[in-house]
J.: 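Let me begin by handing over the structure; questions about it come next.
Order of the sequence lines fixes the chain letters, A, B, ..., with proteins taken first and strands second; residue numbering starts at 1 for each chain.
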Amino acid sequence: MDSHLSDAVPTKYMNALSEIKSRFKRVLDQMVDDSSSLLEMIRPAQDSKFGDYQANCAMPMKGMLGEPPRKIAEQIVAKLEIDDLCHSVEIAGPGFINLKLDDSWLKQRLTEALPDPRLGVPLVDTPGTYVIDFSSPNVAKPMHVGHIRSTLIGDGLSKTLRFVGHRVITDNHLGDWGTQFGMIIYGYKHLVNPQAYAEKPVQELGRLYKQVRQIIDFHAASQQRPTLLERIAKQRAELEELDSGEPVDDKKKRKEIGRRKAKIAEQQEQANELEAKMATVQSDTDLLKLAEQHTDIATEVLTETAKLHAGDQENLALWNEFLPYCREDIRRIYDRLGIEFDHELGESFYHDQLEGVVESLAEKGLSRESEGATCVFMEQYDTPMIIRKKDGAFLYATTDLATIQHRATTWQPSAMLYVVDHRQHQHFEKLFDAAKLWGYDDVEMTHVSFGTVLGDDGKPFKTRSGDTVGLEGLLDEAVHRAGQLATELNPEGNAAELQEVAQVVGIGGLKYADLSQNRSSDYKFSYDKMLALKGNTATYLQYSFARVQGILRKGNIDIEAMRNDPVAFCFENDVERELGVSLIRFGETLDEVLIDYKLNLLANYLFELAQTFSGFFENCPVLKNEDEDLKQSRLQLCDLTARTIQTGLSLLGIDVVEKM
RNA sequence: GCCCCGGUAGCUCAGCUGGAUAGAGCAACUGACUUCUAAUCAGUAGGUCGCAGGUUCGAAUCCUGCCCGGGGUGCCA
């Protein structure tokens with residue numbers, strides 16, 4: 001995993017943007033005290049007609065220097081030593097400085113990238129150690145679409161951080177110590193089918209989990225539904241008193257009415273859900289019979305869980321027996337997604353450290369008793385972080401603190417990233433602040449949050465009885481759709497190859513649909529969108545790659561020879577230069593990605609690169625070119641494009657195929 | 001009540017540490033396969049960037065207020 005570190009070489013490659021910035025820095029440092037914010041105003045040009053890069057720093061300097069921005073821009077340009085890098089430096093509009101890369105400089109970068117497996121992307125100057133916590137499913141429960149974001153974003157960030165030269169430790173903080181084990185232990189003791197368990201333990205445990213869940217939900221729903229309906233009726237009556245149906249002038253009152261209506265609708269929705277859960281059981285006579293036999297199942301499950309936590313021999317033995325099966329179950333999905341973890345230290349790993357965590361915080365005077373619970377109060381929050389319940393049990397905050405302690409002492413990371421959905425934001429704020437007070441104050445702790453997965457209706461995706469979209473089914477469907485299209489487009493294709501294409505395109509499309517979106521936005525789940533195979537999709541990028549491979553194949557090109565003995569790059573057509581500029585931006589894109597851990601910037605970059613390539617593909621014949629040097633130059637551009645796409649996609653965890 | 005996030009084209013979303021005429025994909029419409037892969041390309045159409053103020057050379061982007069939606073908010077994770 002650390003191979004990029006072991007063969008690290010001194011940075012010989014240049015990143016256009018940082019090189020331009022360093023040239024500007026020399027000038028700006030003579031003019032102002034602090035140039036850092038001004039340097040950030042140098043960025044890729046918004047429109048290619050302005051050049052390749054633009055510096056917007058002259059305008060804000062008006063306030064500092066009291067001169068017209070255009071004049072300041074002129075002074076900057078006069079002092080700028082950048083001729084070798086940019087052949088055209090122009091001032092435009094109110095004081096924009098537009099920069100166009102010098103072609104020979106650009107060609108030099110491309111020539112360096114060609115034989116380089118890293119495509120000219122420099123390694124970071126100061127490698128850090130990142131512990132990344134992601135995926136973290138509860139074992140023994142089926143994985144569903146809600147788990148996909150953390151898994152994909154975490155994996156993508158790990159790969160990207162590693163690629164630029166950081167040391168990365170991935171840790172899957174499994175939920176392997178919770179109530180779900182009480183459920184399968186109870187299920188195993190009362191409802192198991194021994195033969196099925198002997199033959200297919202993973203499947204049987206899954207069945208037991210589901211069945212126990214259904215029965216618990218059934219009883220809970222039967223109990224809650226009448227009171228809920230009663231409450232709704234009462235609220236309806238109150239609403240009628242308030243809202244006569246006449247138009248209401250009073251704004252506050254109108255708002256109140258709206259609020260109550262929404263609340264009633266929400267509760268009605270809940271009631272419907274409860275009814276659905278009841279119906280699931282009632283429509284199945286065997287299940288209904290079981291439900292009637294196990295009326296105390298909810299408390300029994302809690303008892304089994306408590307016994308497990310207390311070290312009960314029998315339950316602990318069962319837990320030890322079940323856990324490997326549960327891991328195997330989720331492993332199957334990770335295998336299909338091509339995801340591996342360095343560590344899988346679940347909640348159970350920490351349970352015997354929790355007492356010590358609470359003691360340590362108490363010793364340092366950071367916690368105190370309040371209403372029977374042990375709490376960490378911090379002045380910036382009006383509610384405490386509770387680390388021990390009044391009944392003595394620990395909470396996830398306690399486990400998370402133990403985890404920080406373990407990671408910090410074991411790996412001495414420079415950063416710990418938590419790829420967890422945004423609803424836990426406050427929890428992480430408190431957790432990080434508490435950890436800092438506790439002494440872990442020299443490590444970056446970041447909650448890499450992401451939006452909730454919403455259903456088709458735009459409402460938060462809920463794990464309801466039955467109608468969740470299981471992750472495994474989603475993967476199957478993705479591969480199936482890709483396979484259908486592949487077969488349609490290549491009716492004479494070889495079956496094994498088509499199957500390979502279906503896998504790569506189907507899974508890749510699913511991943512890209514998620515990763516190409518800004519992680520902080522809520523995610524509206526849609527089959528059609530996640531499984532789309534045209535437009536801005538992984539398929540488009542994979543297709544670009546395959547097109548290049550087609551050319552290389554048809555031209556019978558000796559690729560190694562071409563890479564190691566290149567001809568001078570030639571920009572005959574504008575789009576060739578455009579492609580070249582796009583290619584050398586791979587490295588700076590990765591820098592951008594890692595500033596805020598936003599992988600969608602990489603996806604966007606790759607899409608734009610592929611679009612530029614499509615333009616090149618249309619307008620620039622390669623093999624049928626008479627001019628041998630031009631042909632070679634174009635082959636070199638093709639090869640670089642394909643490898644950049646392949647490498648970029650690999651950082652997103654997406655594969656490519658030679659033919660599709 | 002308080003706190004956090006969001007509201008951009010018919011749909012799904014980029015763009016948000018202020019920058020030049022607001023972008024993409026899908027859907028719609030018009031064209032391009034005897035051509036290195038048409039899973040593609042070229043083009044057309046589509047927007048009071050929730051509303052109202054403010055800050056300034058310049059605001060989708062920053063500030064304030066409001067409207068709408070979602071989430072969180074002391075013993076779940």
Side-chain angles (χ1 to χ4, degrees), chain A residues 37 40-41 43 45-47 49-50 54 56 59-60 62-63 68-69 92-96 98 136 138 175 178-179 251 255 258 262 347 370-375 377 381-391 393-397 399-400 420-427 429 449 451-452 454 458-460 482 485-486 488-490 501 505 513 516-518 520-524 526 528-529 532-537 539-540 542-544 546-555 595-596 600-601 603-604 607-608 611 614-615 617-625 634-635 638 659-660:
Chain A
S37 65
E40 281 173 26
M41 293 178 189
R43 55 187 62 166
Q46 210 174 24
D47 189 319
K49 76 179 179 210
F50 298 135
Q54 63 181 59
N56 303 336
M59 283 86 83
K62 181 193 154 195
F96 295 102
N98 291 330
S136 311
N138 286 317
T179 321
K251 219 171 129 187
K255 200 171 156 181
E347 290 169 336
S370 169
E371 297 173 31
T374 309
C375 303
F377 285 89
Y381 304 107
D382 29 314
T383 54
M385 183 170 78
I386 299 175
I387 53 174
R388 179 166 222 170
K389 301 203 285 186
K390 65 181 165 198
D391 68 3
F394 303 104
L395 295 105
Y396 69 121
T399 310
D400 282 346
V420 180
D421 91 85
H422 72 8
R423 285 176 293 195
Q424 295 194 37
H425 187 69
Q426 274 116 324
H427 163 66
E429 280 189 327
S449 75
T452 316
L454 305 174
K459 288 181 187 159
L485 184 61
E488 216 171 278
L489 294 169
N490 308 282
V501 170
V505 170
S516 60
Q517 195 165 251
N518 184 329
S520 66
S521 316
D522 280 348
Y523 190 103
K524 191 175 276 190
S526 139
D528 288 337
K529 189 175 134 195
L533 298 169
K534 57 181 184 171
N536 184 356
T537 59
T539 313
Y540 182 79
Q542 291 164 327
Y543 186 62
S544 301
R547 278 175 145 182
V548 171
Q549 303 317 307
I551 293 175
L552 297 177
R553 210 164 37 236
K554 187 148 188 172
I595 289 172
D596 258 333
N600 64 310
L601 298 180
N604 292 350
F607 181 62
E608 279 165 23
Q611 274 186 319
S614 292
F617 186 86
E618 293 287 320
N619 295 302
C620 302
V622 179
L623 294 176
K624 57 185 77 165
N625 223 295
R634 287 183 173 172
L635 282 167
C638 282
K659 251 196 266 186
M660 62 189 276

J.: For A:V420, answer base if it contacts any base atom (sugar-phosphate contacts may also be present), sugar-phosphate if it contacts only those atoms, and nothing otherwise; contact means non-hydrogen atoms under 4.0 Å.
T.: nothing

J.: Looking at B:G15, I'd like to know if its phosphate oxygens (OP1 or OP2) sit under 4.0 Å from a side-chain N or O belonging to A:N518.
T.: yes

J.: Mind checking who B:U34 pairs with, Watson-Crick or G-U wobble, both distances under 3.5 Å?
T.: none

J.: Categorize A:A397 for me: base, sugar-phosphate, or nothing, with a 4.0 angstrom heavy-atom threshold over every strand shown.
T.: nothing

J.: Using a 4.5 Å cut-off on heavy atoms from C-beta on, say whether the side chain of A:F394 contacts that of A:I387.
T.: no

J.: In terms of base orientation, is B:C33 syn or anti, with the syn window spanning 90° either side of 0?
T.: syn

J.: Starting the side chain at C-beta, find the nucleotide from B:A77, B:C4, B:A14 nearest to A:E347.
T.: B:A77

J.: Tell me whether the side-chain N/O atoms of A:Q549 come closer than 4.0 Å to OP1 or OP2 in B:C36.
T.: no

J.: Does the side chain of A:K554 get closer than 4.0 angstrom to OP1 or OP2 of B:U37 through an N or O atom?
T.: no

J.: Look at the side chain of A:D522 and the backbone N and O of A:G451, then say whether any donor-acceptor pair between them is shorter than 3.5 Å.
T.: no

J.: A:R547 has an atom CZ; how far is it from atom P of B:A39, in whole Å?
T.: 8 Å

J.: With sugar-phosphate meaning primed atoms plus P, OP1 and OP2, does A:F617 contact a base, only sugar-phosphate, or nothing at under 4.0 Å between heavy atoms?
T.: base

J.: Under a 3.5 Å cut-off for both distances, is B:U73 Watson-Crick or wobble paired, and to whom?
T.: B:G1

J.: Indicate whether OP1 or OP2 belonging to B:C41 is found under 4.0 Å from a side-chain N or O atom of A:Y540.
T.: yes

J.: Is a donor-acceptor contact shorter than 3.5 angstrom present between the side chain of A:S370 and the base of B:G74?
T.: yes

J.: Whole Å only: how far is the CE atom of A:M660 from the C1' atom of B:A39?
T.: 5 Å

J.: Whole angstrom is fine here: how far is it from CG in A:L552 over to C1' in B:U37?
T.: 13 Å

J.: Among B:G74, B:U40, B:C4, find the nucleotide with the atom closest to the side chain of A:S614.
T.: B:U40

J.: Without decimals, in angstroms, what is the distance between A:N625 CG and B:C36 P?
T.: 14 Å

J.: Any side-chain heavy-atom pair from A:Y540 and A:Q611 closer than 4.5 angstrom?
T.: yes

J.: Find the distance A:Y381:OH to B:G72:P and express it as a whole number of Å.
T.: 18 Å

J.: Where the side chain of A:K534 is defined as all heavy atoms beyond and including C-beta, which of B:A14, B:U35, B:U40 is the nearest nucleotide?
T.: B:U40

J.: Are the side chains of A:D400 and A:H427 in touch, meaning some heavy atoms are under 4.5 Å apart?
T.: yes

J.: Identify which nucleotide among B:G19, B:A39, B:A14 has an atom closest to any side-chain atom of A:R43, counting heavy atoms from C-beta outward.
T.: B:G19

J.: Which nucleotide sits closest to the side chain of A:E371: B:C36, B:C41, B:G74?
T.: B:G74

J.: Between B:C41, B:C36, B:A77, which nucleotide gets closest to the side-chain atoms of A:K624?
T.: B:C36

J.: For A:Q424, which contact category applies under a 4.0 Å heavy-atom criterion: base, sugar-phosphate, or nothing?
T.: base

J.: Within the 3.5 Å criterion, strictly below it, is a donor on A:N518 or A:S520 matched to an acceptor on the partner's side chain?
T.: yes

J.: Output the single nucleotide from B:A77, B:U37, B:C57 whose closest atom is nearest the side chain of A:I551.
T.: B:U37

J.: Figure out the CG/C1' separation between A:N536 and B:U40, and round it to whole Å.
T.: 14 Å

J.: Of A:F394 and A:A482, whose nearest nucleotide on RNA chain B comes first from the 5' end?
T.: A:A482

J.: Contact between A:M660 and A:T539 at the side-chain level, heavy atoms closer than 4.5 Å - yes or no?
T.: yes

J.: Suppose we define a pair by two distances each less than 3.5 Å, Watson-Crick or G-U wobble; what does B:G65 pair with here?
T.: B:C51

J.: Please name the nucleotide paired to B:G18 by Watson-Crick or G-U wobble geometry with both distances under 3.5 Å, or report none.
T.: none

J.: Could you tell me the separation between the CG atom of A:L489 and the P atom of B:C33, rounded to a whole number of Å?
T.: 18 Å

J.: Measure distances between side-chain N and O atoms of A:Y396 and base N and O atoms of B:A77, and say whether any donor-acceptor pair falls under 3.5 Å.
T.: yes

J.: With respect to the side chain of A:Q426, which nucleotide from B:C3, B:A24, B:U35 is positioned closest?
T.: B:C3

J.: Which nucleotide, B:C75, B:A14, B:A38, lies nearest any side-chain atom of A:Y543?
T.: B:A38

J.: How would you label the contact of A:N98 with the nucleic acid (heavy atoms, under 4.0 Å): base, sugar-phosphate, or nothing?
T.: base

J.: Checking all strands, does A:P60 fall into the base, sugar-phosphate, or nothing category for heavy-atom contacts under 4.0 angstrom?
T.: base

J.: Map A:K529 and A:L485 onto RNA chain B by nearest heavy atom, then report which one ends up closer to the 5' terminus.
T.: A:K529

J.: Which nucleotide sits closest to the side chain of A:K659: B:A14, B:U37, B:C75?
T.: B:U37

J.: If pairing requires Watson-Crick or G-U wobble contacts with both distances under 3.5 Å, which nucleotide is the partner of B:A24?
T.: B:U12

J.: Using a 4.0 Å heavy-atom cut-off across all strands, classify A:N600 as base, sugar-phosphate, or nothing.
T.: sugar-phosphate

J.: Quick check: do A:N600 and A:Q517 have side-chain heavy atoms less than 4.5 Å from each other?
T.: no

J.: Give one of base, sugar-phosphate or nothing for A:C638, where a contact means two heavy atoms less than 4.0 Å apart.
T.: nothing

J.: With both distances kept under 3.5 Å, what pairs with B:C29, Watson-Crick or G-U wobble?
T.: B:G43

J.: Between A:F377 (CZ) and B:C75 (P), how many Å, whole number?
T.: 12 Å

J.: So what does A:A486 touch, heavy atoms closer than 4.0 Å: a base, only the sugar-phosphate, or nothing?
T.: base

